[in-house]
Undergrad: 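Mind having a look at this structure? Questions to follow.
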Amino acid sequence: MILLNPGPVNVSDRVRQALLQPDICHRESECSELLNDIRQKLLKAFVPGAEDEYTAIILTGSGTAAVEAALLSSLPLGKRAMVINNGVYGERLSSMIKMHRLGVPDMKYEWGVTPNIEMIEKAMIQHPEVHTVAMVHHETTLGFINPVKEIADLVDSKNRVFMLDSVSGLGGEALDISGSKIYLVAGASQKCIQGFPGLAFVLVRKGFMEQVMKYPKRSWYLNLANYYEEQERGSIPFTPAVQVYYAFREALDELLEEGVENRIQRFKGYAATIRAGMQQFGIQAVLSPEVQGNTLTAFNLPDGVSYAQLHDKLKEMGYVIYAGQGQLEKKIFRVANIGALTQKNIEGFLAAFQATLEQTRA
Ligand SMILES: *Cc1c(COP(=O)(O)O)cnc(C)c1O
């Protein structure tokens, strides 16, 4: 089955084989080495040249675990977070913060609308209690790219902390973490890095991590200070998904061998093929090209064809597409193009799509 959903993705045989380890105890030295390797490889891939300025914290859980740990750990006593919210994952950041009554009103925009820099600046001046500003990098809701660099610079210029959910961005979209002064970036194993689901991570500026150690702990399992302290000693506070970690190390090796930039270009090429093919079939993309990312495209459903029909016919032919969310659930479908795919897979998908259209229109 070819997965064209935004993670979990198709993995290579090499990554799959790496799952098959002998039984291991996570308190043994092999596991410390594994953890250290993963941390170093993450830094090498995502903050090249600035590996000393960042630390990687590894958790067992899906991407949301890393996002929640990063956000909740970033706040000193009495301070608050502001969320820039223009999609389903921005809404999730907002819900996390509201649950703890640690928010100020969101900077809320319609899905696919670029946030307004002046408004964000005004809100930061109006709310001196805001310590962390949080945003999503690649909003998977529609495949929208937020203006990370501009907003990170602005947040830094106001002496606040910028936290980024790049769970669906890292490895698929260009991101200059160290050059953009991003304090915390959340990521996960099962998207553009092409690992199995189950491992999540946060890249944190080292100096800031030292501050975080003094902040209140708002969750027992999801607090970064706890993980950092243990991981610096080569240990881990809770039982990790050991086999998934082995496979993730292999996926990171693959990523470093391919090169992050080449990986991005590979996905970009797949997206271009899909978008050109759909245009030929008369299928409209929801977003305009300037704000589209490299890894997912939201398309309007063809007239008279339901998502279920489209999905089921494509699945019969071996391709899994993805539904829209919320108010667009019945209007759009999404096609992601990440994972251990080939150009042939993408062309096969377009041929299957064309056959489906002909059948449903007949
Ligand atoms: C996938 C994703 C997440 C995390 O989802 P999980 O299912 O918890 O792994 C978070 N943010 C964005 C933008 C995502 O695309």
Side-chain angles (χ1 to χ4, degrees), residues 3-11 42 46 57-72 74 81 83-97 99 106 109 111-112 115 134-148 151 162-175 177 182 184-203 219 221-222 240-241 244-245 247-248 251 264 267 271 286-287 291-298 320-326 328 332 334-339:
L3 298 182
L4 300 173
N5 51 290
V9 297
N10 291 111
V11 302
L42 280 171
F46 299 117
I57 297 177
I58 318 296
L59 303 95
T60 290
S62 77
T64 306
V67 171
E68 192 159 3
L71 190 55
L72 291 180
S74 74
V83 173
I84 299 168
N85 172 355
N86 58 357
V88 167
Y89 294 93
E91 188 65 33
R92 190 175 287 186
L93 286 168
S94 174
S95 304
M96 288 169 182
I97 270 305
M99 189 171 280
D106 287 352
Y109 300 89
W111 294 357
M135 188 175 75
V136 175
H137 176 196
H138 168 265
E139 234 324 334
T140 318
T141 316
L142 293 176
F144 176 86
I145 298 294
N146 268 313
V148 170
I151 293 176
F162 186 58
M163 181 255 150
L164 188 67
D165 166 356
S166 189
V167 173
S168 63
L170 289 172
E173 308 292 339
L175 181 66
I177 294 172
I182 306 175
L184 308 112
V185 183
S189 51
Q190 82 277 17
K191 295 194 179 179
C192 304
I193 308 178
Q194 297 182 184
F196 286 99
L199 182 153
F201 59 88
V202 187
L203 308 176
S219 163
Y221 193 76
L222 298 176
V244 170
Y245 282 34
F248 187 60
I264 292 171
F267 291 157
V286 176
L287 294 180
V291 292
Q292 274 177 342
N294 304 321
T295 61
L296 178 143
T297 318
V320 173
I321 58 166
Y322 212 50
Q325 288 160 299
L328 292 182
I332 69 165
R334 291 181 288 171
V335 182
N337 51 264
I338 54 177

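Numbers here are sequence positions counted from 1. As the structure lists them, so they are numbered: ligands from 1, and atoms in each ligand from 1.
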Undergrad: Does a side-chain heavy-atom distance below 4.5 Å link C192 with S168?
TA: no
Undergrad: Side chain to side chain contact (heavy atoms under 4.5 Å, CB included) between V148 and I182: does it pass, once the steps are laid out?
TA: CA-CA 9 Å; V148 170; I182 306 175; 3.7 Å; yes
Undergrad: For the side chain of E173 and the backbone of N294, is there at least one donor-acceptor N/O pair under 3.5 Å apart?
TA: yes
Undergrad: State the atoms of ligand 1, each with its element, that fall below the 4.0 Å cut-off from a heavy-atom position in H138.
TA: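 Heavy-atom distances to H138 below 4.0 Å select 13 (C).
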Undergrad: Determine whether a donor-acceptor pair (N or O, by modelled atom type, separation under 3.5 Å) exists between the side chain of S189 and the backbone of F248.
TA: no
Undergrad: For ligand 1, is there an atom lying under 4.0 Å from some heavy atom of E139?
TA: no
Undergrad: Will you find, in the side chains of T64 and Y89, an N or O donor that is under 3.5 Å from an N or O acceptor?
TA: no
Undergrad: Using a 4.0 Å heavy-atom threshold (strictly under), name the region of S62 that reaches ligand 1: side chain, backbone, both or neither.
TA: both
Undergrad: Counting each atom of ligand 1 from 1 as listed, which ones have a heavy atom of S168 under 4.0 Å away?
TA: 13 (C), 15 (O)
Undergrad: To the nearest 0.1 Å, how far is atom 11 (N) of ligand 1 from its closest protein heavy atom, and which atom is that?
TA: D165 OD2, 2.6 Å
Undergrad: How far is atom 13 (C) of ligand 1 from its nearest protein heavy atom, and which residue and atom name does that atom have?
TA: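 Checking every protein heavy atom, the shortest distance to atom 13 (C) of ligand 1 gives T140 OG1, 3.3 Å.
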Undergrad: Give a yes or no answer on whether the side chain of S94 reaches the backbone of G90 with a donor-acceptor pair at less than 3.5 Å.
TA: no
Undergrad: Answer yes or no: does an N/O atom from G63 fall short of 3.5 Å to an N/O atom of ligand 1?
TA: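 In this structure, G63 places an N or O atom under 3.5 Å from an N or O of ligand 1.
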Undergrad: Just to check, does K191 reach to within less than 4.0 Å of ligand 1 when the distance is taken from its heavy atoms?
TA: yes
Undergrad: Which atoms from ligand 1 have a heavy atom of V136 less than 4.0 Å away?
TA: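 Counting from 1, the qualifying ligand atoms are 13 (C).
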Undergrad: Can you report which non-hydrogen protein atom sits closest to atom 5 (O) of ligand 1, along with the distance?
TA: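 The answer is T64 OG1, 3.6 Å.
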Undergrad: Indicate whether any N or O donor in one side chain lies under 3.5 Å from an N or O acceptor in the other, for R334 and T297.
TA: no
